[in-house]
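These notes are about the structure you will find just below.
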Amino acid sequence: MKDNKNILIIEDDITLNKGIMLTLRQSNINIKQAFDLNEGRNILNKEKIDLILLDVNLPDGNGFDFCKEIKEKLHIPIIFLTACDMEIDVVMGLELGADDYITKPFSLMILRARVMAALRRHISNANSSKITIKDLELDFEKMKFSKDNKLINLSKTEQKLLKLLVHNKGQVLTREQLIDRVWSDMNEYVDENALTVTIKRLREKIEDKKSKNKYIKTVYGIGYAFCKGDENE
């Protein structure tokens with residue numbers, strides 16, 4: 001982690017917030033502190049944040065809802081901090097896209113280690129230009145794509161859609177999210193049919209004709225998810 005990283009702590013316990021700040025702060029890590037969601041949202045709108053430590057229960061709202069709000073717009077690692085260790089809450093947090101879930105009370109040194117690990121994973125994923133998934137090789141930086149070592153020609157819209165799905169592998173993205181993020185630079189109204197058509201074209205290019213949608217799964221009534229390509233999923 002040669003470049004400076006910004007970590008945002010959203011925790012209403014002032015003592016704990018300060019303790020985390022002092023534990024994580026070092027020469028290449030800047031700490032931003034917020035004590036409620038509104039303050040955290042304002043910092044996110046002004047600063048480039050590389051990781052968020054997010055309390056679940058805050059004075060002005062729920063951390064789960066805020067996590068969902070962030071993940072719809074930004075690709076930022078989020079680690080939940082909570083006093084509740086109920087399995088259903090842990091599962092909910094991870095399903096929302098959180099990278100980790102730490103139950104209070106916790107060791108600040110263990111927290112530090114898990115934060116550093118999450119940052120390393122995020123940096124590694126961001127720096128990895130080429131992604132290999134079974135018979136697919138996807139290089140979004142060089143805009144080179146192949147299946148079974150045969151080049152695939154993808155339009156810019158197909159590339160944007162595929163990149164969004166792949167970078168959120170295993171996570172269901174709603175039709176609204178996909179339309180908003182893939183066609184965000186268009187000023188005109190985009191018909192929902194545009195997404196259906198683009199998904200169909202992508203499938204024709206990356207799927208096997210004999211297998212039915214092993215990569216791009218339809219979640220009926222909601223949207224789509226990119227899977228690792230196992231037939232039985």
Side-chain angles (χ1 to χ4, degrees), residues 1-58 60-82 90 93-131 138-142 160 163-171 173 177 181 184:
M1 285 181 284
K2 294 179 181 178
D3 298 332
N4 282 1
K5 300 299 174 186
N6 293 325
I7 293 176
L8 171 60
I9 305 168
I10 308 178
E11 165 63 63
D12 63 326
D13 184 320
I14 297 174
T15 302
L16 179 58
N17 195 316
K18 184 178 179 181
I20 295 171
M21 181 269 292
L22 293 173
T23 301
L24 297 179
R25 189 173 60 184
Q26 55 190 63
S27 59
N28 63 335
I29 292 181
N30 303 314
I31 305 297
K32 311 293 178 181
Q33 292 175 274
F35 300 92
D36 58 43
L37 293 179
N38 187 53
E39 196 174 1
R41 191 178 287 109
N42 288 337
I43 292 172
L44 265 177
N45 290 334
K46 296 174 184 175
E47 307 265 1
K48 179 186 177 297
I49 299 299
D50 298 287
L51 182 141
I52 299 172
L53 287 166
L54 177 60
D55 189 15
V56 171
N57 296 308
L58 289 152
D60 56 347
N62 185 296
F64 291 138
D65 294 334
F66 191 59
C67 175
K68 184 178 179 182
E69 176 187 325
I70 294 168
K71 290 292 184 177
E72 287 177 355
K73 301 174 183 176
L74 302 168
H75 187 56
I76 300 176
I78 295 176
I79 297 177
F80 276 119
L81 306 176
T82 177
V90 176
L94 296 176
E95 285 185 344
L96 285 170
D99 292 68
D100 207 343
Y101 195 105
I102 302 177
T103 305
K104 302 174 185 176
F106 49 78
S107 158
L108 288 173
M109 288 299 101
I110 290 177
L111 172 69
R112 185 180 186 280
R114 289 166 80 164
V115 166
M116 295 301 114
L119 276 176
R120 284 194 298 271
R121 285 195 303 270
H122 184 64
I123 293 167
S124 175
N125 291 339
N127 291 340
S128 179
S129 172
K130 183 180 288 187
I131 299 170
L138 312 173
D139 192 330
F140 293 101
E141 185 177 324
K142 296 179 180 178
K160 287 175 70 175
K163 184 177 182 179
L164 185 57
L165 288 167
V166 169
H167 283 183
N168 291 277
K169 187 166 60 176
Q171 183 176 339
L173 298 176
Q177 287 173 329
R181 293 168 71 175
S184 60

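- Considering only heavy atoms from C-beta on, I52 stays 4.5 Å or farther from P77 through its side chain.
- Note: Y101 and F64 have parallel aromatic rings, judged against thresholds of 30 and 60 degrees for the angle between ring planes.
- Here CD1 of I79 is found 5.0 Å from CG of D100. Values are rounded to the nearest 0.5 Å.
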Practice prompt. For the pair K32 and I7, evaluate side chain to side chain contact (heavy atoms under 4.5 Å, CB included) and give the outcome as yes or no after the intermediate values.
Written response: CA-CA 6 Å; K32 311 293 178 181; I7 293 176; over 6 Å; no
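- Note that CG of L24 is 6.0 Å distant from CD1 of I9, once rounded to the nearest 0.5 Å.
- The CZ atom of F35 sits 13.0 Å away from atom CG of D60, with the distance rounded to the nearest 0.5 Å.
- Contact detail for A34 and I43: the closest heavy-atom pair is CB-CD1, 4.1 Å.
- Looking at D99 and F80, their side chains never come closer than 4.5 Å, going by heavy atoms from C-beta outward.
- Considering CE of M21 and CG of L16, their distance stands at 11.5 Å, rounded to 0.5 Å.
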Practice prompt. Would you please test R120 and V115 for side chain to side chain contact (heavy atoms under 4.5 Å, CB included) and show each step?
Written response: CA-CA 9 Å; R120 284 194 298 271; V115 166; over 6 Å; no
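- Between L138 and K163, every side-chain heavy-atom pair lies at or beyond the 4.5 Å cut-off.
- In I14, the CD1 atom is not crowded: 12 or fewer heavy atoms of neighbouring residues, nucleotides or ligands sit closer than 6.0 Å.
- To the nearest 0.5 angstrom, D36 atom CG is 8.5 Å from I10 atom CD1.
- I29 places a side-chain heavy atom less than 4.5 Å from the side chain of M116.
- The closest side-chain heavy-atom distance from I131 to V166 is below 4.5 Å.
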Practice prompt. With side-chain hydrogen bond (donor to acceptor under 3.5 Å, both in side chains) as the test, would you mind laying out the steps for N6 and E47 before giving the verdict?
Written response: CA-CA 8 Å; N6 293 325; E47 307 265 1; 4.6 Å; no
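- The side-chain heavy atoms of R41 and E69, taken from C-beta on, include a pair separated by under 4.5 Å.
- Under a 3.5 Å cut-off, the side chain of K71 and the backbone N or O of I76 do form a donor-acceptor pair.
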Practice prompt. Please lay out, stage by stage, how L53 and L51 fare under the test side chain to side chain contact (heavy atoms under 4.5 Å, CB included).
Written response: CA-CA 7 Å; L53 287 166; L51 182 141; 4.1 Å; yes
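- Taking every heavy atom of both residues into account, I78 and C67 meet most closely at CD1-SG, 3.8 Å.
- Side chain of D12 to main chain of L58: no donor-acceptor pair is present (N/O by atom type, distance under 3.5 Å, no hydrogens or angles).
- Summarising the geometry of M109 relative to T23, their closest heavy-atom pair is CE-CG2, 3.4 Å, with the distance given to 0.1 Å.
- Here the closest heavy-atom approach between residue Q177 and residue L173 is recorded as OE1-CA, 3.3 Å.
- Among T82, D13, D55, the one residue that satisfies the side-chain hydrogen bond (donor to acceptor under 3.5 Å, both in side chains) test with K104 is D55.
- Here the CD1-CD distance, from I31 to Q33, works out to 8.0 Å after rounding to the nearest 0.5 Å.
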Item to complete: Decide yes or no on side chain to side chain contact (heavy atoms under 4.5 Å, CB included) for F66 and L44, but give the supporting numbers first.
Response: CA-CA 12 Å; F66 191 59; L44 265 177; 4.0 Å; yes
